[in-house]
Peer 1: 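One structure, as structure tokens, below. Some questions next.
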Amino acid sequence: MNLSHAWLSRFVPHGKTPEQVRDLLTAHVATVEGLEALRADLAPIVVAQVVASEKVPDTKLSFNKVDDGSGELLEVICGANNVVVGNKYPFARSGTTIPTGLKIEKRKIRGFTSNGMLCSADELKLGSDHDGIYTLDTDAAPGTPFLDVMPLGDVQIQLDVLPNRPDLLSHLGVARELSAITGVKLAAPKELADLPALGESLSQGEREASGGGISVRVEDSTDCPRYMAAVITGVTVCPSPDWLRDAVESVGGRSINNVVDATNYMLHGFGQPMHAFDKAKLGGAGIVVRRAKPGETLVTLDGSTRKLDPEMLVIADAERATALAGVMGGKDSEVTDATTDIVLEVATFSAKQVRVTRRKAGLSTDASYRFERGVDDAMVPQALALGAALLAQVSGGHVEALVDVGRAPAPRTPVTLSVARVARVLGDAVPREECARLLGALGFEVIVKGETLMATPPSWRHDVSRDVDLIEEIARLRGFDRLPDELTGHRPGSVPDHPLWTAYRRIRDALVAAGLHEVRPLPFTSGAGQGDITSLVRVQNPLAEDEPYLRSSILDTLARRAEYNLNRMQGHVRLFEVGSVFGAQPGKAPRESMHAALLVMGQRRPSHFTEAAPPAFDAWDAKALAETLAAAAYPGATVTFEAGSEAVLWRMLVGAQFVGEVRRVSLDAPVWASAAFGVELMLGEVSSASVAAAGQHAHGAVPPVTGVAALVQGTRVPQRFVPLPTQPAAEFDLALLVPDAVPAGDVEGLLKRTGGELLERVMLFDEFRGKGVPEGTRSLAWRLTFRHPERTLREKELEGRRSQLLKALETLGVRPRA
Amino acid sequence: MTLSEYLDKLSALEAQAPAQIAGADSIDALATVKNALLGRQAGALTALMNALGELPKDDRRAAGAGANKLKVALEESLELRRAQLAAQAANSGPTLDLSMPARDRWQGTVHPVSMVIDEVVEIFRELGFTIALGPEAEQSWYNFGALNFPADHPAMDMHDTLYLGQDQVLRTHTSPVQVRTLQQYAPPIRILAPGNVYRRDFFDPSHAPMFAQVEGLVVDEGVSFADLKATLSHFARRYFGANIKTRFRPSFFPFTEPSAEMDVQCGVCGGAGCGVCKHSGWVEILGSGMVHPAVLENAGLDSEKYTGWAFGMGPARTAISRHGIPDIRILYDSDVRFLDQFGK
């Protein structure tokens, strides 16, 4: 909402500077987002004095010497005939731009050089006076900025009005607040001081009424609770008087003509949208407020043809729609220079109905904006009287008749407030009298009964229905800064940390330590490569039609992010995310679960001069990261890795439960990119099921924790201390030929099972295929470490174990490599 | 030569050798010393060992043992000194150019938005807050109705909210966690709820269709607007510095009444007004207010007995402003060159 500082001052002579008004409104009412000097375009203009002047022969031009305070006299050619030596004029130096947009350049005219321009009022947009340059009556020295000598300092105040306070969408509304804050009483703006009182007949009816040659009928009072109109005859449509034009322009509007400007003045001044119809163009001299007919069209004032439908509300004459109710008038009944008689509409339309009409038409206007949020419905008669009188005055017309269809709004119900509750909610006692005074200042009617207040909201406040609403009024008007700022004691909360949050923090610590980057990308996906599309959750109104689904896998998102990096020539990618994935459930709400996933590709470590090209991440790195991730996610759980198939390298299990997988990730990648590997792990469901029914709670009920959620909440069994060895270890290596069909894990398991209790460690240290190794087998080598707790092992004992193990290995078809 | 003469010579050698060995200040000098002691030709000990034959037969064993013992001791001392000198040479010699770079490891990083969330969480933890979470795919009742949004509120429009079904939305704020928590746990409640929220906003430099929020909620008997002001001001001083000024402005949210927005004095201009604070001297940090009694009632609580306050803030805004990030999109791109900047 744009406000004019000058206009506000006419409603409430507060005597405050724009900056003071800004600070008061921001502290007590609504935030002022900006102050803008309205005539900033005059900033380059300075005061200059003509010190010599002579006519240029055979022309209207004069050749002048001008003192602009620069210390050097400038030669300036002037076309006006009112140049007087010694007088001061507004002056635009060459190189500056005047308010009309014209850039003043050094020019040669008739052999003389002109260095700047002496300006007329017209050129400065200070009126339409063409009678030569603008003579200044000032003592100011040449070179003084023009704005310093002319009282043109109106400032636009840009107020951020929130949806609960539509009453602030006018100068009157904001003036009321300023009056309540400062104690300065509201005044009638001087431009409205000598409007004639209206003594015209008023025809009134609940559904229809007529007068002044028009009839008004409202089909549905829910859509339009009240419709008033004034018939004004004998108007002359012409440019507005200066004060009216200034007022309209001060809020950022464009002056059209006296009739339209008068309605805009009422809108911005009093918050009441109005519309003027050319009476002659209303077919059948009738006005009907009705729903549009199927297939009906209307050309609105902005020139576009709009298709209407029965959900939209229109103002129609006997034949056709002439305006979109509460939104915009029609082109056909527009006021033009030829207009002599006017029908002025002042009505209340239902907020809901205006929103529907506005949305269907796809346009928002100052009027629809206010109707949608709520207009003071009790003000309609007063606004009509004022608007009609103003319009008549600025157009030389005569108010012929007033018509009123509908009903006055029902009186407001009072809200009860206990003074003790004010103290409880605010944490600061506010005396009964102060509460009453503050509410009274805002227009509430207050009755005090003991320690209870009965406050009836004024007609323009529809946001007050409970005691806390009144408490807010008291708190803000009194000032939030008056509340104490001191921490007081509190009871500890009853809510434990959410286990998924603690899991997230553990996982993040582990993966950041492993050198990975946490990311927070968007979860939308095209669905490609995510399996059955019907299992994905689709956004009904997606932002982008090519990504309408929610992901079912974080790894999918990370893969797209890896491609993004590859497209930017970044091949070393290490990303992880802990976040939500979604799955569709037929006939039910989507299922949401939290997952953790990571993706690695490229060099395993940064290059160093000792190792120019470190090896790339491979499946074994991915397996290690999967172990790291699982250990952080499921404290104390034993995760087993089961060989997968195709892109899945390993399926991760806890007991029989599937918890995640390690994959090769296929990417749309350039040839230079190395292979990508990913891990995705489940952390548990985040249910959107109701905790309890609306208005109920489920305190004390403990939902069961099962499945993956239980793993996430697991605890590590404390590590038992193992005594440090006192005896030396003995080791030997086993180089074995292992058939391809036999997994190394089986061999290792057998070694551990048959190695005896002195076997301390089994370490695979080599894999080899090729020369000397028969086809269909590979050579695998383990180092076995034995240790006796009390003595040194003898060579013979080791030999015995070796042959024992080799014998056992025969059952797997494994034999020693020669 | 008698045994005692022989042993005297050994003792003399044993006494002088340590000084010789310690006196060698380079590997080469040490080699000279070694040669002088143990050298095949010129070694003093070698000479003594060769002279064993000059002793009476019965004395040779004792003399030999002494010579051998000395030989082992000297070899050990020489080796020790050699290692010392070698280490010195390795540390100072021309073979190691110490200006060369360290062998680095990949640096993992926490996302800049998560960093802000962590810092916020840490400060409120000191004040006894715990962490609650809720679903991102949320029932529209929890997202709107329970939070006192009127049935035809514009925020519920398809233009502003992403819908998953008739009654299912991608939550537009973290405030639904308020109602879930109040239904699940009895007061006193002191929680923070960090999480992602969604709006039907297309990307531009300062808007994104998804962003993080941190919600806070306190509900108990006797909780007041003054508590809200004191706690949030305390947070601001802990987060932005002890001398930071705060101000509270009237605002509006359907689920709080009274509502207030908290600003802190602009850190760039110190309140004088600059481009960052849009010449107001203040930067908006969070929205807050007293929990609307309707919200308490929707969660089955007695709104006369209990009062509460809540706030919500957007950590991404803090992140982009403190890191000087001109376009919010880069927070989502996951470009490793961006993420790398937040390491070390």
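Worth saying up front: this structure is predicted, and the values here are computed from it rather than measured. Order of the sequence lines fixes the chain letters, A, B, ..., with proteins taken first and strands second; residue numbering starts at 1 for each chain.
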Peer 1: Apply salt bridge (charged side-chain N to carboxylate O under 4.0 Å, His left out) to A:Asp485 and B:Arg237, showing your working.
Peer 2: CA-CA 12 Å; A:Asp485 179 1; B:Arg237 287 189 292 268; 3.5 Å; yes

Peer 1: Go through the side-chain N and O atoms of A:Ser688 and B:Gln168 and say whether any donor and acceptor fall under 3.5 Å apart.
Peer 2: yes

Peer 1: Counting distance only, does the side-chain N/O of B:Glu136 pair as donor-acceptor with the main-chain N or O of A:Gly579 below 3.5 Å?
Peer 2: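 No.
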
Peer 1: Counting only non-hydrogen atoms closer than 4.5 Å, does A:Thr502 touch chain B with its backbone (N, CA, C, O), its side chain (CB onward), both, or neither?
Peer 2: neither

Peer 1: Can you confirm whether A:Tyr504 sits close enough to B:Ser114 that some side-chain heavy atom of one is under 4.5 Å from a side-chain heavy atom of the other?
Peer 2: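 In contact.
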
Peer 1: Given a strict heavy-atom distance threshold of 4.5 Å, which part of A:Gln696 is in contact with chain B: side chain, backbone, both, or neither?
Peer 2: backbone

Peer 1: Quick check on the interface: out of A:Leu426, A:Val686, A:Val519, who has the most heavy-atom pairs with chain B under 4.5 Å?
Peer 2: A:Leu426

Peer 1: Identify the heavy atoms of A:Leu543 and B:Asp201 that sit nearest to each other, and give their distance.
Peer 2: CD2-O, 3.6 Å

Peer 1: Where on A:Asn565 is there a heavy atom nearer than 4.5 Å to chain B: the side chain, the backbone, both, or neither?
Peer 2: side chain

Peer 1: Counting only non-hydrogen atoms closer than 4.5 Å, does A:Ala689 touch chain B with its backbone (N, CA, C, O), its side chain (CB onward), both, or neither?
Peer 2: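 For A:Ala689, backbone heavy atoms alone lie under 4.5 Å from chain B.
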
Peer 1: Quick check on A:Glu685 against chain B: is it the side chain, the backbone, both or neither that has a heavy atom closer than 4.5 Å?
Peer 2: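 Interface part for A:Glu685: neither.
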
Peer 1: Can you tell me if A:Arg424 and B:Ser224 form a side-chain donor-acceptor pair at under 3.5 Å?
Peer 2: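 Checked: A:Arg424/B:Ser224 side chains show no N/O donor-acceptor pair below 3.5 Å.
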
Peer 1: Let me know if A:Asp467 has heavy atoms under 4.5 Å from chain B in its side chain, its backbone, both or neither.
Peer 2: side chain

Peer 1: Heavy-atom cut-off 4.5 Å, strictly under: side chain, backbone, both or neither for A:Val537 against chain B?
Peer 2: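 It is the side chain, since no backbone atom gets that close.
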
Peer 1: Measure distances from A:Arg421 to the heavy atoms of chain B and classify the residue's part below 4.5 Å as side chain, backbone, both or neither.
Peer 2: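 Contact with chain B is through the side chain of A:Arg421 alone.
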
Peer 1: Can you say whether A:Ala694 sits under 4.5 Å from chain B via the side chain, the backbone, both, or neither, judging by heavy atoms?
Peer 2: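 Answer is both: backbone and side chain atoms of A:Ala694 are under 4.5 Å from chain B.
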
Peer 1: Is any side-chain heavy atom of B:Leu164 less than 4.5 Å from a side-chain heavy atom of A:Pro590?
Peer 2: yes

Peer 1: Chain B heavy atoms under 4.5 Å from A:Val702: which part of the residue, side chain, backbone, both or neither?
Peer 2: neither

Peer 1: Applying side-chain hydrogen bond (donor to acceptor under 3.5 Å, both in side chains), run through B:Asp340 and A:His517 and close with a yes or a no.
Peer 2: CA-CA 8 Å; B:Asp340 267 332; A:His517 296 301; 3.1 Å; yes

Peer 1: Under 4.5 Å heavy-atom distance to chain B, tell me which part of A:Tyr549 shows up: side chain, backbone, both or neither.
Peer 2: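 Neither the backbone nor the side chain of A:Tyr549 comes within 4.5 Å of chain B.
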
Peer 1: Check whether A:Arg355 gets within reach of chain B through its side chain, its backbone, both or neither, counting any heavy atom under 4.5 Å.
Peer 2: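 It is the side chain, since no backbone atom gets that close.
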
Peer 1: Of the backbone (N, CA, C, O) and the side chain (C-beta and beyond), which part of A:Pro484 lies under 4.5 Å from a heavy atom of chain B, both, or neither?
Peer 2: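 Both parts, heavy atoms under 4.5 Å.
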
Peer 1: Give the intermediate values and the outcome of side-chain hydrogen bond (donor to acceptor under 3.5 Å, both in side chains) for residues A:Glu518 and B:Thr109.
Peer 2: CA-CA 6 Å; A:Glu518 185 195 14; B:Thr109 57; over 6 Å; no

Peer 1: Given a strict heavy-atom distance threshold of 4.5 Å, which part of A:His697 is in contact with chain B: side chain, backbone, both, or neither?
Peer 2: both

Peer 1: Could you label the plane-to-plane angle of the B:Trp106 and A:His572 rings as parallel, tilted or perpendicular, counting under 30° as parallel and over 60° as perpendicular?
Peer 2: tilted

Peer 1: For A:Ser465, check side-chain contact (heavy atoms from CB on, under 4.5 Å) against everything at least two apart and list the hits.
Peer 2: A:Asp469

Peer 1: Heavy-atom pairs under 4.5 Å with chain A - which of B:Ala260, B:Ser259, B:Ala146 has more of them than the others?
Peer 2: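 Heavy-atom pair counts peak at B:Ser259.
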
